[in-house]
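Working notes, beginning with the structure itself.
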Protein chains: 2
Amino acid sequence: MNLPPLTQSFVLHFGEMGSHWGINRTVGQIYALLYVSPKPLNADDIVEAIGCSRSNTSMALKELQAWRLVKLQHLPGDRREYFSTPDDVWAIFKTLAEERQKREVEPTLTMLRGAILERPGSEEERHAQARMKEMYQLIELVTKWFADIRDMDVETLQRLMKLGAQVQKVLQFTQSLGRLAGRDGAKEE
Amino acid sequence: MNLPPLTQSFVLHFGEMGSHWGINRTVGQIYALLYVSPKPLNADDIVEAIGCSRSNTSMALKELQAWRLVKLQHLPGDRREYFSTPDDVWAIFKTLAEERQKREVEPTLTMLRGAILERPGSEEERHAQARMKEMYQLIELVTKWFADIRDMDVETLQRLMKLGAQVQKVLQFTQSLGRLAGRDGAKEE
DNA sequence: TCCAATTTTCAGTAATTTCTGAAAGTTTGA
DNA sequence: TCAAACTTTCAGAAATTACTGAAAATTGGA
């Protein structure tokens with residue numbers, strides 16, 4: 001690996017964190033490299049920079065594309081494929097949230113939905129099912145909320161985030177307004 | 001493994017998803033088993049139910065305790081250690097968010113903070129550093145916001161989540177109120 | 001203090017995942 | 001249609017991670 005020191009520590013860090021994030025070292029390193037690169041890179045540039053095999057690079061790029069975290073482009077007069085990451089960090093963040101939702105949450109929701117519909121065969125199973133239902137309802141609520149959040153435009157989202165916990169005050173305020181007007185600010189359960 | 005069918009599919013699912021979630025199969029299975037169990041279980045109960053070795057169980061329980069996802073207790077007149085998961089699914093969710101923050105985000109923030117303070121050695125490094133700063137600012141904003149959210153009481157949180165995207169309207173409304181009164185609802189950058 | 005019950009550690013083995021190099025496949029332009 | 005440039009696939013090697021059984025350590029009561 002032959003990179004300027006700042007880039008190198010960034011790339012190495014992403015490689016190491018990869019396992020915590022559900023990707024492998026090479027995938028993490030390549031993503032990091034592309035993220036800080038001022039211009040798109042081709043597979044050989046990456047091999048050169050990271051020091052992994054050409055085939056490993058190919059696999060890793062495929063995975064990054066499956067995650068929609070890198071985009072492929074062609075430069076005029078060059079047959080090779082060039083890769084880069086989206087510029088907008090908010091877009092990246094939203095993509096990541098969507099993909100993790102799909103891979104890490106959706107399958108569990110599906111399983112829980114199925115389990116909740118079964119007829120419990122015993123008192124033990126009845127209890128288990130009730131617990132699964134609690135989990136299901138929580139995940140579903142959080143999931144829907146995340147989706148709402150994701151679909152906001154970045155301006156609004158940033159405003160909301162900077163507001164932070166103060167949103168409570170706003171909520172309480174509008175709720176008392178609602179009560180005055182004879183309806184509730186949030187839809188009821 | 002000898003469990004009622006509903007519990008069994010729940011336990012097996014958590015085992016399989018484990019790798020996506022950064023825990024191993026046994027850890028996932030044991031968590032699932034304890035989550036649906038109507039009463040605390042000791043290590044031998046777990047070995048019996050899951051069909052793994054006693055030592056593996058010991059390791060897995062240690063990891064679950066490190067995640068603060070299971071609690072240990074003693075039953076009167078029994079020397080063995082009994083384990084259970086917290087009842088409140090919201091508390092579980094908050095714990096999970098805190099631990100993931102600590103393990104998966106904090107180290108990266110630390111690395112980025114360091115990298116941003118360095119003096120760039122070239123134009124390339126200057127660009128890389130600017131990108132890292134973008135990433136840092138986004139992660140920091142989201143992190144702080146998550147912490148605010150986590151610290152809300154469950155009532156408020158549920159209300160906020162059910163409100164979903166409608167919070168935009170509330171935000172716009174209070175902002176125009178703020179403008180009328182000559183100040184902004186959110187603190188400025 | 002000693003013993004029996006219980007838990008933890010650890011070295012070795014098994015299973016899984018990652019990585020590589022060689023070969024096969026694809027694409028583009030002459 | 002051919003050949004050069006480039007990309008992908010895949011079988012096996014290397015590295016990592018998970019698991020086991022035996023032994024050591026700990027704990028609580030007699």
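All of these numbers come straight from a predicted model, not from anything done at the bench. First the proteins, then the strands, lettered A, B, ... as listed; each starts at 1. The figures here come from the full heavy-atom set of this structure, side chains too, leaving out hydrogens, waters and symmetry mates.
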base_contact_polar (C:dG21 base, A:Ser53 side chain, donor-acceptor, <3.5 Å): no
Carboxylate-amine/guanidinium proximity below 4.0 Å for B:Arg25 and B:Glu16: no
Closest-nucleotide 5' rank along DNA chain D - winner of A:Phe83 and A:Met59: A:Phe83
Ring-face cation contact, A:Tyr136 with A:Arg113, 6.0 Å cut, 45° max: no
C:dT7 OP1/OP2 closer than 4.0 Å to side-chain N/O of B:Arg54: yes
Between P of C:dT7 and CG of B:Leu61, the distance in whole Å: 9 Å
Of B:Cys52 and A:Tyr82, the one whose closest DNA chain D nucleotide lies more 5': A:Tyr82
Length of the line joining B:His74:NE2 and C:dA5:P, which is rounded to integer Å: 18 Å
Per B:Asn56 side chain, nearest of listed nucleotides C:dT20, D:dT7, D:dT20: D:dT20
base_contact_polar (C:dT27 base, A:Arg79 side chain, donor-acceptor, <3.5 Å): yes
Between D:dT17 (P) and A:Glu16 (CD): distance, integer Å: 11 Å
Test: A:Arg103 cationic atom under 6.0 Å from A:Trp67 six-membered ring centre, within 45° of axis: yes
Distance test, side-chain N/O of A:Asn24 to OP1/OP2 of C:dC19, below 4.0 Å: yes
Length of the CD-P vector between A:Glu81 and C:dG25, whole Å: 19 Å
Presence of B:Ser58 side-chain N/O under 4.0 Å of C:dT8 phosphate oxygens OP1/OP2: yes
Modelled atom types, side-chain donor and acceptor of A:Glu124 and B:Thr7, under 3.5 Å: no
Selected nucleotide, minimal atom distance to B:Thr26 side chain, candidates C:dT20, D:dC19, D:dT20: D:dC19
Side chain of A:Arg80 (C-beta onward), nearest among D:dA22, D:dC6, D:dC10: D:dC6
Length of the line joining A:Glu63:CD and D:dT8:P, which is rounded to integer Å: 14 Å
Gap between atoms CG and P, on A:Leu64 and C:dT18 respectively (whole Å): 13 Å
Side-chain donor-acceptor pair present, B:Glu118, B:Gln129, cut-off under 3.5 Å: no
N or O in side chain of B:Arg25 less than 4.0 angstrom from C:dA15 OP1/OP2: no
Euclidean distance, atom CD1 of residue B:Ile46 to atom C1' of C:dT7 [Å, nearest integer]: 13 Å
Whole-Å gap separating P (D:dA5) and CG (A:Asn42): 15 Å
Presence of B:Lys62 side-chain N/O under 4.0 Å of C:dT9 phosphate oxygens OP1/OP2: yes
